[in-house]
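Each chain gets a letter, A, B and so on, in the order its sequence line appears, and its residues count up from 1. All values below come from the heavy atoms of this structure, side chains included, with hydrogens, waters and symmetry mates left out.
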Amino acid sequence: MNSLIRSVLLLALAAGSCLLSSAAMSEKNLAGVWVGTYSEDWPDRFPGPELGDYAGLPINDADRLRALSWSASLIALPEYQCRVHPSDYANSFADIRLWEERDPITEKLIALHLQHFAWQTRRTIWMDGREHPPEYAQHTSMGFSTGQWDGQVLTIHTTHLKEGWLRRNGAARSDKATVTEHFIRHGDILTWTVVVNDPIYLEEPFIRNRDYRYSVDNQVANYACDSVVEMVRAPGYIPHHLPGTNEDVKIFAETHGIPYKAAMGGAATMYPEYIKVIRSLPVPSPR
Amino acid sequence: MQSLSVSSFCKRGVLLALGILLASGSHAQQQDFSKVKIEALKVRDNIYMLVGSGGNITLQIGADGVLIVDTQYAELSDRILAKIRELSKGPIRYIIDTHHHADHTGGNAKLRAAGMTVSGGNVGGDIADAGAGAQIIAHENALLHMTAPPAAGQPAIPSAALPTLTYFTPKKDLWFNGEGIRIMYEPNAHTDGDSIVYFRQSDVISSGDVYVTNQYPFIDIANGGSIQGIIAAANNIIDLIIPVYGQDGGTLVIPGHGRLSDIGDVINYREMLTIIRDRIADMIRKGMTLEQVKAAKPTQDYDPRWGASSGFWTTTQFVEAVYKNLSTAQGK
Ligand SMILES: [Zn+2]
């Protein structure tokens with residue numbers, strides 16, 4: 001073939017394929033390993049929250065009583081030891097891996113899969129327009145998720161969650177909650193925003209962000225857990241604090257000189273204006 | 001909400017001493033079944049959960065035929081039968097009643113009539129109709145409740161709807177469709193005649209009303225139910241379950257009412273009931289009266305999820321039942 005004609009043809013093909021790929025790929029490619037950055041909420045994410053710190057959580061009175069009744073000894077029970085973090089919480093920990101499942105003929109995106117470092121849990125985000133199952137279907141820790149691209153933002157809707165938690169110190173998130181998530185990629189930075197709507201335990205939606213950096217070198221490590229009997233307990237024993245008897249919950253407020261009321265959370269404590277309220281509240285003597 | 005209508009059925013069944021089990025007329029006046037659709041959820045290879053109105057039905061199908069756990073309402077039997085026939089053309093051999101309430105046994109007569117029992121030898125010779133209809137298995141106490149004198153003005157339950165094979169021991173085993181099925185008695189739980197059904201190969205438990213996901217469990221004190229028995233049953237179910245990991249997967253549980261569950265759900269249920277039990281027991285120890293206990297709102301944190309302020313089984317009734325249970329010698 002004449003080299004000039006060949007060059008023209010190649011150019012045309014290249015231009016065509018560019019057009020095609022850009023048309024198909026208004027959606028971003030999220031596949032890869034993303035390493036967590038810990039510029040915010042460090043205590044909440046790795047060391048774990050302090051006892052009695054519910055500040056900034058829009059929990060209602062019912063959830064507050066759940067939290068005040070919670071005893072950390074609960075997670076020493078064998079059946080609680082390897083309980084995984086639910087999908088609206090697990091992203092807080094370390095790295096995640098995202099990968100695509102595409103139709104081999106059409107290259108249409110069927111699903112995105114996400115693996116968390118924490119507990120090595122995997123979840124599927126269906127991108128093929130399927131419906132959510134009926135309410136009587138099984139609920140899981142990861143829930144049932146469907147996603148779609150809003151421009152270049154991946155928006156995920158999750159239902160069918162089992163009961164979970166907003167913070168690892170007793171603030172529960174109910175199994176009636178639905179969750180909306182957004183994955184937003186800016187070059188090598190990925191932002192995850194989660195919005196928890198819980199008609200049972202929240203006064204307002206709870207919103208949380210986490211950031212990740214794209215990694216060329218890292219892999220997500222494995223994570224094993226095996227339950228053991230750490231303490232012999234009577235069968236069926238559930239550790240908890242009877243109402244009004246939990247002294248542990250004062251630890252956070254007294255350690256940091258924060259009014260007890262502010263430490264107990266509620267929607268108002270999420271907003272900057274609450275600082276004015278805090279100034280009017282009595283401060284506990286430091287421990 | 002569906003749970004409320006389900007509950008109202010449950011209570012009506014109890015209040016009327018099951019007299020209206022097959023009296024379609026009076027049912028239809030109170031409840032419109034016309035819009036109820038029977039839906040099937042595949043649980044495991046040969047196990048389905050049928051959802052309609054009333055208690056969930058468990059279906060096990062295979063080469064031997066069909067086994068049914070609980071039968072919902074008589075009014076729905078034709079639709080239930082049609083759904084079963086979509087999944088299996090085999091004969092209905094066994095019906096297991098987890099307990100006597102009308103929302104779990106109302107369809108007994110019709111579904112039994114659609115089936116057949118394997119019979120022969122001296123049984124077939126001695127009892128002419130031994131092969132007619134499916135076998136209905138229940139704990140002995142469930143049969144006793146169903147044959148108790150009906151409430152004034154209510155018809156007795158026809159014999160065609162009664163269990164044909166009862167047990168009074170801790171368990172009863174059978175082998176059907178290639179797997180062992182263990183029926184286990186849960187004493188004084190939702191009633192005093194509760195069975196849970198464990199499909200060992202399929203790894204599925206059909207719990208009846210000792211485990212529900214839609215509201216606080218109904219403690220039928222008049223028929224021998226107790227909070228301690230319900231908690232014991234939840235613990236027994238948890239003991240039977242082997243999860244895949246943590247609190248996820250593995251053995252699945254079809255509840256009496258509500259959604260298909262795994263161990264995590266049953267653990268949350270057990271945790272909720274144990275904490276409420278402990279709180280009310282502590283209040284009783286402190287000498288608090290029922291009115292004082294109610295005013296102290298011992299279920300406040302669980303009410304938005306499990307409670308009801310109206311309908312048949314309210315939060316107040318639940319607290320009263322727990323208080324009553326724990327105030328008696330057996331409850332302590
Ligand atoms: Zn019942």
(request) Sort out for me which of B:Leu260, B:Val43, B:Thr274 touches chain A most, counting heavy-atom pairs under 4.5 Å. (result) B:Leu260

(request) Among the options B:Arg270, B:Lys297, B:Gln300, pick out the one with the most heavy-atom pairs lying under 4.5 Å from chain A. (result) B:Arg270

(request) Would you mind listing every salt bridge (charged side-chain N to carboxylate O under 4.0 Å, His left out) that reaches into residues 219-241 of chain A, with sequence neighbours excluded? (result) none

(message) Does B:Arg79 have more than 12 heavy atoms from other residues, nucleotides or ligands lying within 6.0 Å of its CZ?
(response) yes

(message) Take a 6.0 Å sphere around CD of A:Glu204 and say whether it holds more than 12 heavy atoms from other residues, nucleotides or ligands.
(response) yes

(message) Any non-hydrogen side-chain atom of A:Asp63 less than 4.5 Å from a side-chain atom of B:Asp301?
(response) no

(request) Identify, with sequence neighbours excluded, every residue that meets side chain to side chain contact (heavy atoms under 4.5 Å, CB included) alongside A:Ala253. (result) A:Tyr260, A:Ala263, A:Pro284

(message) Looking at B:Gln247 and A:Glu79, would you say the former's side chain and the latter's main chain have a donor-acceptor pair under 3.5 Å?
(response) yes

(message) Using modelled atom types and a 3.5 Å cut-off, is there a donor and acceptor pairing between side-chain atoms of A:Lys176 and backbone atoms of B:Pro304?
(response) no

(message) With side-chain hydrogen bond (donor to acceptor under 3.5 Å, both in side chains) as the test, pick out the partner of A:Lys162 among B:Asp265, B:Asp262, B:Asn268.
(response) B:Asp262

(request) Tell me, please, which residues at least two apart from A:His139 pass ring-ring contact (aromatic ring centres under 6.0 Å, His included). (result) A:His160

Pick one of side chain, backbone, both or neither for [X], based on which atoms fall under 4.5 Å of a heavy atom in chain B.
{"X": "A:Ser141", "answer": "both"}
{"X": "A:Leu242", "answer": "side chain"}
{"X": "A:Leu68", "answer": "neither"}

(message) Less than 4.0 angstrom from a charged side-chain N to a carboxylate O is my criterion; do B:Arg259 and A:Asp175 meet it?
(response) yes

(request) Could you tell me whether A:Arg83 and B:Asp248 make a salt bridge, using a distance below 4.0 angstrom between a side-chain N and a carboxylate O? (result) no

(message) Once rounded to the nearest 0.5 Å, what's the spacing between atom CD1 of B:Ile275 and atom OG of A:Ser71?
(response) 9.5 Å

(request) Check whether B:Leu252 gets within reach of chain A through its side chain, its backbone, both or neither, counting any heavy atom under 4.5 Å. (result) side chain

(request) Would you please say whether a donor-acceptor pair under 3.5 Å links the side chains of B:Glu39 and A:Tyr136? (result) yes

(message) Distance alone, cut at 3.5 Å: any donor-acceptor contact between the side chains of B:Glu271 and A:Tyr80?
(response) yes

(message) Just to be sure I understand the criterion: a residue of residues 229-246 of chain B counts if one of its heavy atoms is under 4.5 Å from a heavy atom of chain A. Which ones qualify?
(response) B:Asn235, B:Tyr245, B:Gly246

